[in-house]
Structure formats: C-alpha cells, structure tokens
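One structure is given here, and the rest of the page talks about it.
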There are 4 protein chains.
Amino acid sequence: MRPRDAEATKDRILMAAREEFALAGLGGARIDKIAAAADANKQMIYHYFGSKDGLFTAALEAEYAQFRAAEAALDLERLDPIEALIKQVTFTWRYYLDFPGFIGLVNSANLHKARHLETSADFQQINRPFLLRMRKIIARGVSSGQFRDDIDPVQLQITIAAGGYHYLNNRFTGTIVYERDLMSAKALRDRLAFNVKAILRLVCTPGTLAKMEKVSCTA
Amino acid sequence: MRPRDAEATKDRILMAAREEFALAGLGGARIDKIAAAADANKQMIYHYFGSKDGLFTAALEAEYAQFRAAEAALDLERLDPIEALIKQVTFTWRYYLDFPGFIGLVNSANLHKARHLETSADFQQINRPFLLRMRKIIARGVSSGQFRDDIDPVQLQITIAAGGYHYLNNRFTGTIVYERDLMSAKALRDRLAFNVKAILRLVCTPGTLAKMEKVSCTA
Amino acid sequence: MRPRDAEATKDRILMAAREEFALAGLGGARIDKIAAAADANKQMIYHYFGSKDGLFTAALEAEYAQFRAAEAALDLERLDPIEALIKQVTFTWRYYLDFPGFIGLVNSANLHKARHLETSADFQQINRPFLLRMRKIIARGVSSGQFRDDIDPVQLQITIAAGGYHYLNNRFTGTIVYERDLMSAKALRDRLAFNVKAILRLVCTPGTLAKMEKVSCTA
Amino acid sequence: MRPRDAEATKDRILMAAREEFALAGLGGARIDKIAAAADANKQMIYHYFGSKDGLFTAALEAEYAQFRAAEAALDLERLDPIEALIKQVTFTWRYYLDFPGFIGLVNSANLHKARHLETSADFQQINRPFLLRMRKIIARGVSSGQFRDDIDPVQLQITIAAGGYHYLNNRFTGTIVYERDLMSAKALRDRLAFNVKAILRLVCTPGTLAKMEKVSCTA
DNA sequence: TATGAATGAGTGTTCATTCAT
DNA sequence: AATGAATGAACACTCATTCAT
C-alpha cells in the first residue's frame, strides 16, 4: 500500500505522461500506459488533470518550464557576448539531446495548432525572460562592435533552435536520406560545431570573425 | 456513376491520404475520412495499399518523390554557385509553404522512427541525386573562390532545410512564445531573407560577402 | 443498475460464450452476441479474457472441467466392473444429450487443431483421473474373469465416446441419410441400448455374455 | 490466357471449395481463398454456384457422391458376410484417412443443421443403395448363422462409422487428453484392428466368434 | 466466359472516460 | 485518496457480394 501522497502521485503521472506523449504523440499516447508507468490508477489522471488534453497541456507546460529554468541558470548576462552566444547554442543542442521529450511534445503541440497553450495564461510569462536575455546579449555585442547590427533576436533565436531541433527531430529520415549515421558521437560533435560556426558567421562582424579564425580554425 | 478507373481511384486515395496524414499524423488520421475525402470505398484502400501503414508509406514516398522532382527541375547546375545556393534556399522555403503536407508527413515518419521507409528499396535512389547536385555546387563555389572550403554538403543541406522547416513546423507554439505573428506575409518574407543571409554568411568567403554587401543590403 | 460483481460478470460471459461457441463454432460466434447474451459490455470480454480466442479457451476448459467433474461424481470404483462399464456408457450418452454444448465446443477445438489447449497447462491434469479410473475398472473385470484381457483402455474409452458423440454430432445429416428421425425419444433409447450392447459384447468374456443373455435380452 | 472451359473451371472451383470448407468450416472459409486456389475469378463462383452457401451445398454433395461411389465399387455382395463386414469397416476407416475433407464437410453441414441438404432432391437417392447393401449383408449373415439376429442395420452402420469418424475427428484433443500420439502409423493400425474387433464381436454369433479366434487372434 | 473494380454491412478490438465503492 | 468495474463510441480491417466491361 502506497502512502497517500497526492503531490507524489501527481508528479509520477506527469513524468510518465511527458515520456509517453513525447514517444507516441498526443493521439498515439495511451492513458492506460501512462497510468501503468506512473504506477497509479487511471482515475487519478482524471482527478488531477481532468482529461487527456488537460494532461497533455500540463505535460507541455512542465516541459517548457523546465527548459526555461535550465536556460535561466546559464547566467549568460555575465559572459562576453560571443561566449554567451556560443553557450546558448551549445546549451540548446545539449538540452535537446538530454531531454528528447521536449522535441516530441512541442511537435505534438504544433500538430494540434498549439490549442493546448491558448488557455494557458502563464505560458507566455515563462517564455518572456529568455527573449529579453537574447535581446540584451545582442545589444551588448552590437555596441561592443562584435556583432552586426542587422540581427533580429527572434529570427536568431529561431535559427539557433532550428539547427539542433530539425537535425534531431528528423534524425530517422535523415539517416536514410543522407545515408549517414547522424547519431554517432562524432556526428553529434560535428553538428554542434557546425551550428556554432553558422551562428557566429551570421552574427559576428567580419572583423571579429577574422580575428577568431586566426586563433582557432574550428569556428 | 464514376468510370471504373483503377489508377484514378488509387490517385484520389493517395492525395486524400497525404492531406489527412499531414494534418492529423499517422495515429490521428482516420481511414474512413480518407476514403470519404477520396470519394472512394474504404476497402479500396486495403485493396490498393494493404493497410493503413502501407498507405502511409505510399503517401510518404509520393511526398518525397514530388519534392525531389520539383528540386530537380530547378536546374541549378547552370547557375552561378551563389545564385544556385540562393535559389535552393528559396525553393526549399517556398516548397514548405506551398506544400505544407510535406512537413507533416516527414514529422509523422520520424515519430515512428522512419520504419515506413526501411523496406522501401527505391527511396534512397530518389534522394541521391539531390545531394550530388549540392556537392557539385559547393565544389564549383570553392574552386571559383566564392565559397569557403570547410562546408560539408550534408550539414549545409540540413541547415538550409532547418531554417525553413523548423520555423514553419513550430509556427503555432512560436507565435505564442515569441508573441509575434509568424505567418503574416511580411513575416514570411523576412524569414526567407534571414535564411538566405544566414546561409550566405556561412558559406561565402569574406571577400565575396564584402562585395555582395556593397551591392545589396538585403543579403 | 447491476451490482458491480466482477466474478458474476465473468461467469455470465463464460456461460454465454459456451452456448454461442457451441452453436456457431469459433468462427461463426459473434462477440457482440455473447456480450448481449451475458448482459455485459463487450469490453468486459476483452478485460477478462483478452481476446476471442482467450474466451474460447476458457469456455473449452470450463466445458471439460464440468464434464470430468460429473464423471468423477459417478463413483464407479464401488460398482461391479460390468455395472461400472454400463454406467460409464450411459453417463457419457446422457451427458452429451444434457449438455449438447460439449460436442460443439470439442468439434470447434479440433477444427482449430486444438491449438487453444496447447498452452493450457492444467488441461491434462483435468483429464488424467478419468483414464486411471477406466484402467482400474478393466483390470478388476479382467481379474474377476468377467472381461477379456485384450482391451486397451484408451481404445475402449474412445469407442464408448464415439458411439454417442458421432450419433449426436451428425444427427442432422444422419436423419436425412438414414431417412429416420434419430432424435425421437424411442430412437434415443434404442441408441443407448445398442451402445451398451456393443460395448459389453466387445469387452466381456463369452461366458459372462452367455450368462447375461439368459437373464436379459436387451443387452 | 486459359482456354474458356466452363466445366474445367467449375471443377477447379469445386475442388478448391471442398478443401477450404473442410479445413476452415463454412464460416471460416474465404471466397477469395477458394477463388485463388482454383485459379479462377471470384465472380465465377457466383456465376456457377450462386452463393457461398450454394457452393457449400455443391461441395457437400460432391463429397458424399464420391464416398458412395467408392463404397459401391467395393462389390460387397459377392463376399462372405463376415468378410464383407470387415471390408466395410476397413474401407470406411481408410476413406476417412485418405479423404479427410469428408469429415470436415460433414461436420460443417451438421453445425448448420444440415440445412444445405434440405433442398437437395437427389441427396437421398445417393445414399439409399448403401443402406440396402448393408441390409442384405446382415440378412445373409443371419440366415447363414454367422450373425446374430438383433442387429439393426442403421445402428450398425452408424457404429461402424463412429469408430473411425470420432477417432479422427477428435484426434487433436484426443492426443492431448489421452497423452498419446493417435496418428502414428502404429496407432492407426491399432485403431483399425480394434474397430474390426468391436464390430465382429457385436455382430457375430458366439459360435462364429469362437471359431474365428482359434484361427486368428487379431480379430 | 471471364475479369477486376467497387460496395456496405459487419468484425474483433481499442480507447478515453465515468461509476460505485 | 484511491481502486477496479463498467461503458459506448470508434477504429482498422474483412467479407460476401455485385457492377461494368
């Protein structure tokens, strides 16, 4: 007999849901499987989350909250703009790798036109700070002469995400299309290096790039 | 009474399937709905495609075949390397926009670990030519001194795709996260311009970039 | 509102299944019909029995278990060997008549090469005692000089069953082929008498038979 | 292109139907499979036999006709009554073994209460001669003093059939129940011998039996 | 005579959800 | 808080049968 710990049960359900939704999508996920994986009763899911969609919304929010929390912990404000940029690219990549559920859940959310986030009031508040940080980094880089002044933070952020997200999201078809193992340790290292390179060449001024290339040829 | 045209029926089913699978995913798609949309009998689906998975495989292959055919029609070989690159980026973007089903189907395929393509013998043959073309463009750009020599064609191709695919795939969550309409005409124009810019800065040598920026500020 | 009694629901399903399977065979039986007859929900069948085949296996095992239990209750050990034999023949015949589902289920099981019993571990244990009893009766009859010593218990048992089973199993074609109502009360009485006669003449020694025929002409 | 031979097509369908119905039962048989096995078009089945039930009726009648024809060829009239009886038992057993489809079809017919034979006008005519022959054999045996005079031909015929039919029909459950391979060459030989023994002891007078046992111990 | 396309009613099975305790 | 029984709508898939040529 498990102790009647409401919060713990809710948490176990949420963790199980994040995994199942990520693996199978919203439509493919099974309430029974989530309940079993959470070692909980099916009715508990309805008690705590109301419905399958409610559970998906909660899972999605939790996924984003964790991502943003990890991002906030990077403390990019104290770094040199270029280092901050590199760190952001690296972090994003690593996070996708370490928490593959994120991509799965976001995909599912978009398949359903993000309707699960429409009613979520505090969702935007979770995301706001991270854009502000990016904005500040760019501003600092521009005023220091390291960054070009034609970089839109939103476009940059999307591009940073894209380089990792798309590679990993489509790793299965990609492996076949490109006839190359995209998930070997070396392939992953190469991809990160390429992403960093692409972002730096996009953002940095020619002079800064020239200096950097004298120092290292990897970037 | 419709004429008894096997090929036509098969085609109508395939078209309906591509749309339904793209919109709802493999799991969410309904055989009944596809049959109704194709104005065909459900059994015809099983007669021609064997199963839901068989139909999905056929839809996916058709989707890729169409994409590669359109790509081949670009005739990039005859263009200047830089123009070829720009055209490739532009084409990819426009294709995703014009045929949104492609992204949906590829996503679904990856959600199922691309198992639908494993048995497809001729799938790789469909994709091979397009990588060869990219390889040649890069080689020409490098030998003409326009392109840097550290660009892996596969990484470049993935990056070109990523800039468009990821933006459009996640347009719904993106619209909320970035608090910005990502699908307005202007937003779409901006995104394409940004993608082109990112790719050129990644690939072109500093000298080439400098010359280009004197001429036009859009790139 | 029916009380929520799992065991009762399971039992009702099993009873309905035995009847439906016996009447229509495994292939011809309809899950819907069984559910309706059991006044239960279709899903309950899958909840308790897993599948149509699982339900069939359960029905078949229940059918055999009931048969063997009734047989064990005969208490043949305490009877004279000849009386035990007669009682066994009579019981078998009456059981087939009273529970016509047995024949139907066994036929279906054999149509499917008894694959439903292959995994059933305890099925042989249900059947073992009854063969042991037959063996003992024969042994007693042989040592008392009443029975011949060339009777294999298995062959005898099959022959006892055959005389009733085949007559009843094929009563419909038989009625047409023999142009005679095989199911009238008199016909049934006659058949039992004939079966008893056939078994006794097969098993008993000539001397024993001679004595018996002086007493009664029916045997 | 096959030559348009109506009779041949019809025959191939009928042969395929007999096999499929025997193996799978009426309900389990598939029109598609029969058509494929007959290397014929599905529509041909409906053209020649009207419906699945019509085809089953035809298959069943053909099965019986073949059985009775083989039986008639035995020419029992010219044999000694005892030899005729032995030959009849042996023939029946061998026929069941050589044409296992017979048992399958008859079982299916009885599962459906022989409704497929109700309309069949000439079915009884096919069966009548064989009963007459049996009647004559018994009469000859009685008047020669070899046979007892209390043997009903119908009961005897059913019993002769039962000993083989039931053994073979239930060979799958039997193998499990009796924990013995019922289908090995030796088992089949033993069964036939047992059946012959049972019938002779049932039918022959004690004196005749005594004489026979001096000569041979197999009967 | 023969063919393959087409149909609609079903068939076993699954699923999210609710009820009763 | 927690459980297991119960529900009904749907789902992928099948089948005997008919149509058009």
Side-chain angles (χ1 to χ4, degrees), chain A residues 1-10 27-35 40-48 50-55, chain B residues 1-10 27-35 39-55, chain C residues 1-10 27-35 39-55, chain D residues 1-10 27-35 40-48 50-55:
Chain A
M1 183 70 62
R2 189 198 328 296
R4 300 185 156 215
D5 184 336
E7 210 53 41
T9 301
K10 207 174 159 181
R30 297 293 161 241
I31 289 283
D32 278 275
K33 210 175 162 190
I34 293 172
N41 189 278
K42 235 188 330 181
Q43 178 63 11
M44 290 292 92
I45 292 177
Y46 290 90
H47 184 248
Y48 287 122
S51 68
K52 194 188 187 183
D53 283 290
L55 179 58
Chain B
M1 186 68 58
R2 189 197 329 295
R4 303 187 149 231
D5 185 338
E7 211 53 42
T9 301
K10 207 174 160 181
R30 296 293 159 243
I31 290 283
D32 279 277
K33 212 174 160 191
I34 292 172
D39 200 12
N41 189 280
K42 227 187 339 178
Q43 172 60 5
M44 290 292 93
I45 293 178
Y46 291 91
H47 185 249
Y48 288 122
F49 300 98
S51 67
K52 193 186 187 184
D53 282 290
L55 179 57
Chain C
M1 185 69 58
R2 190 196 333 294
R4 301 185 150 231
D5 185 337
E7 210 54 42
T9 301
K10 208 175 159 180
R30 296 293 160 242
I31 290 283
D32 279 277
K33 212 174 160 191
I34 293 172
D39 200 12
N41 190 280
K42 228 185 341 175
Q43 172 61 8
M44 289 291 94
I45 292 177
Y46 290 90
H47 186 249
Y48 288 121
F49 301 98
S51 67
K52 193 187 188 184
D53 282 292
L55 179 57
Chain D
M1 182 69 62
R2 188 196 332 294
R4 298 184 157 215
D5 185 337
E7 211 52 43
T9 301
K10 206 174 160 182
R30 298 291 161 243
I31 289 284
D32 278 275
K33 212 174 160 190
I34 293 171
N41 189 278
K42 234 188 332 180
Q43 179 63 12
M44 288 295 93
I45 292 177
Y46 290 91
H47 183 248
Y48 287 120
S51 67
K52 193 187 187 184
D53 282 290
L55 179 57

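Naming convention: chains lettered A, B, ... in sequence-line order (proteins, then strands); numbering from 1 in each chain. Because the structure is a prediction, the values reported are computed rather than measured.
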* For nucleotides 10-16 of chain E, just jot down a letter per nucleotide in 5' to 3' order: B, S or -, based on protein non-hydrogen atoms under 4.0 Å. => BSSBBBS

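- One can place CD1 of D/Ile34 at 8 Å from P of F/dA16, the figure rounded to the nearest angstrom.
- Applying the 4.0 Å criterion to OP1 and OP2 of E/dA2, one finds that D/Thr9 has a side-chain N or O inside that range.
- Side-chain N/O atoms of B/Tyr48 include one lying less than 4.0 angstrom from OP1 or OP2 on E/dA6.
- Atoms CE (D/Met44) and P (E/dG4) sit 11 Å apart, rounded to a whole Å.
- If you measure from atom CG of C/Asp5 to atom C1' of E/dT21, you get 13 Å, rounded to the nearest angstrom.
- Atom CD1 in B/Ile45 sits roughly 12 Å away from atom P in E/dA6 (whole-Å rounding).
- The OH atom of D/Tyr48 sits 11.0 Å away from the CD atom of D/Gln43 when rounded to the nearest 0.5 Å.
- Look at B/His47 and you'll find a side-chain N or O under 4.0 angstrom from OP1 or OP2 of E/dA5.
- The minimum heavy-atom distance linking D/Tyr46 with D/Lys52 is given by the pair CE2-N, 4.5 Å.
- Separation of atoms CD1 (D/Ile45) and CG (D/Asp32) is listed at 8.0 Å; rounding is to 0.5 Å.
- Taken from NE2 in D/His47 to OG1 in D/Thr9, the straight-line distance is 10.5 Å, to the nearest 0.5 Å.
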* How is the base pairing of DNA chain E summarised as a dot-bracket string, given the Watson-Crick and G-U wobble criteria with both distances under 3.5 Å, [ ] for crossing and | for another strand? -> .||||||||||||||||||||

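- For the atom pair B/Phe49 CZ and B/Ile31 CD1, the distance stands at 10.5 Å (nearest 0.5 Å).
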